Amino acid sequence: MCGIVAYVGPKDAAPILLEGLQRLEYRGYDSAGIVVANKGLKLRKVKGRVADLAAAVPARFKGGLGIGHTRWATHGVPSDVNAHPHLDGEERIAVVHNGIIENADDLRHRLEADGAVFASETDTEVLAHLIARAVKETDTLEEAVRKALKSVVGTYGIAVIDAERPDQVVVARNGSPIVIGLGEKEMFAASDVAALVRYTRQVVHLEDGELAVLKADGFHTFTMDARVTSKEPLTVDWDAGHYDTGGYEHYLLKEISEQPETVARTLRGRIDDRFHVAHLGGLNLTPHETRAFRRVKIIGCGSAYYSGQIGAQLIEELSRVPADAEPASEFRYRNPVVEHDTLYVAISQSGETYDTLAAVQELKRKGGRVLGIVNTVGSAIARECDGGIYLHAGPEVSVASTKAFTSTAVAFALLALHFGRVHDLSPADGRRICEGLRRLPDQIEQILKQDEHIAALARKYATNPSMMFVGRVRGYPVAREGAQKLKEISYVHAEAYPASELKHGPLALIGPEMPTVAIVPDDELLDKNLTTLGEIRARGGQVLMVGHRTPDAKLAEDAIVVPKNEIELDPILLTIPLQLLAYHAAVALGRDVDKPRNLAKSVTVE
Ligand code: AGP
């Protein structure tokens, strides 16, 4: 949430900052700004998109040191003044910040009592004033930043420059990511490697409680109590091409279309045909330890949570170990009972979602064993967990999660296979699942070929103010994810219910203006689902059935038929048409598909 970029080196900082912000815009996009040091601080910031900022930056905006920010508002409305960077009253110090300063009101009152005059409503501006005061009492900028941060309660990833030291930028992290990019006689920093890969693939991740001073010829890192830390640079696998739209109109369509390949990457090297098991070396669990877990608890937020519901179902079905999923944002606040014989699994595409990270930290604090299913290598959640599975789905830029969702479900299928085969899943069933997993990429390809048919359905149904999504058992998380995708990017109201619950309340909503998308796989619950369709039709409701067969016209007026896999794996395939349905509904309604209103890609605040 929000994007930070910083540069120090021989080139002009402004174009590098603007390019970096463009890459980070998916993290927040209500306002943006940059500041460059050159005989004082030169600042430009605007409400709106990075393109609006670029138009406002004059051609002669020279200087080899600068910081920039793209914002998702927390304190104060989106506006020019609330946009970052924030300066102190004397315009000496400039700060960009991701996160939330929880004691900002208190600090602001103290600073105002001491003569500070604030320009914005933001929590960040207190940092600029605090550092500006501290810098007069200390020998270095890093000391001033450390001193200021000691009075701060909350989360931050910050970058700070001082007009009187135009050769350096100081960055610090506590709960909000900062990555340093190592160049040739130039240094970069950002909240996300997306902003760096055009310039360097050598990066260093700051840990919580760490700071760094970057100068053109190098950097050093240290802790809040000034202990020097040593860091090993990592090489990022992804290059700038992974962050382009690749000729597609939207990132979302590109990411939906990539799924045959991304699912294949999640599976690569992880299926063992000798014993029909999954190879998951990163779990760091012996078979003995795996057998000892009596329960699996899965946590994640939003779509990650829904993929966790698919995962829980897979684990229970294949291993008969009880499993359930819960929103991490709820779990962390309810003083959870942490059991030594429960395996906890945290899911996050970004690896930075604050609620999920906080839940993992709470689990670790209580001695829980936590695995991560994460897409972003080296991210905070990945580093916090005891082991896990990387998705290898490549960067997901569009705010709505698609390829990470399917890859997470596939990773769960592998984990469930692993659990199953150390328990009582037979070799024959292990083989059946392995073969089913291998069929997924081609079957996804076949579903994608129905794009035009699904687009026509989307145009038809998007005119309704509201839609119901229903599914039973394996189909229910699919329905929830379908409703989530639709509301998130098209703003059409959507509700998801277990089909079995319709009669207990929501059936009252059904009528000609409330169509239902029904997830109806060919499984042991088919007849029950068809009965539900009859009940909806009897109340005048339209039905779009997503399943494995063309329905009787009396039960559904429209259908999307997907290829059949093994019943346990079918939810993965049933999700794909719902992604396309939401995408085309959003396009038909003229929505900003990749950057839906009020949302941001990774939610790094509470
Ligand atoms: C998905 O479409 C949403 N944008 C959102 O629910 C997302 O899945 C959630 O915020 C979790 O993100 P994470 O996977 O990066 O932790």
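All ligand and atom numbering here is 1-based and tracks the order in the structure. None of these values were measured; they are calculated from a predicted model.
At a threshold of 4.0 Å, the pair Glu210-Lys231 counts as salt-bridged, since one of the basic side-chain nitrogens sits closer than that to a carboxylate oxygen.
Within 4.0 Å of ligand 1, heavy atoms belong to protein residues Cys301, Gly302, Ser303, Ala304, Ser348, Gln349, Ser350, Thr353, Val399, Ala400, Ser401, Gln484, Lys485, Glu488.
In this structure Leu589 satisfies the side chain to side chain contact (heavy atoms under 4.5 Å, CB included) test together with Ala462, Ser490, Val492, Arg591, sequence neighbours excluded. For Gln349, the side chain to side chain donor-acceptor pair (under 3.5 Å) test picks out Asn375, with sequence neighbours left out. Contacts of Arg49 classified as salt bridge (Lys or Arg N to Asp or Glu O under 4.0 Å), with partners at least two apart in sequence or in another chain: Asp592.
At a cut-off of 3.5 Å, with distance as the only test, a side-chain donor of Asn98 or His69 sits close to an acceptor on the other residue.
With Gln579 as the partner, the side chain to side chain donor-acceptor pair (under 3.5 Å) test is satisfied by one option alone out of Gln259, Glu481, His584: Gln259.
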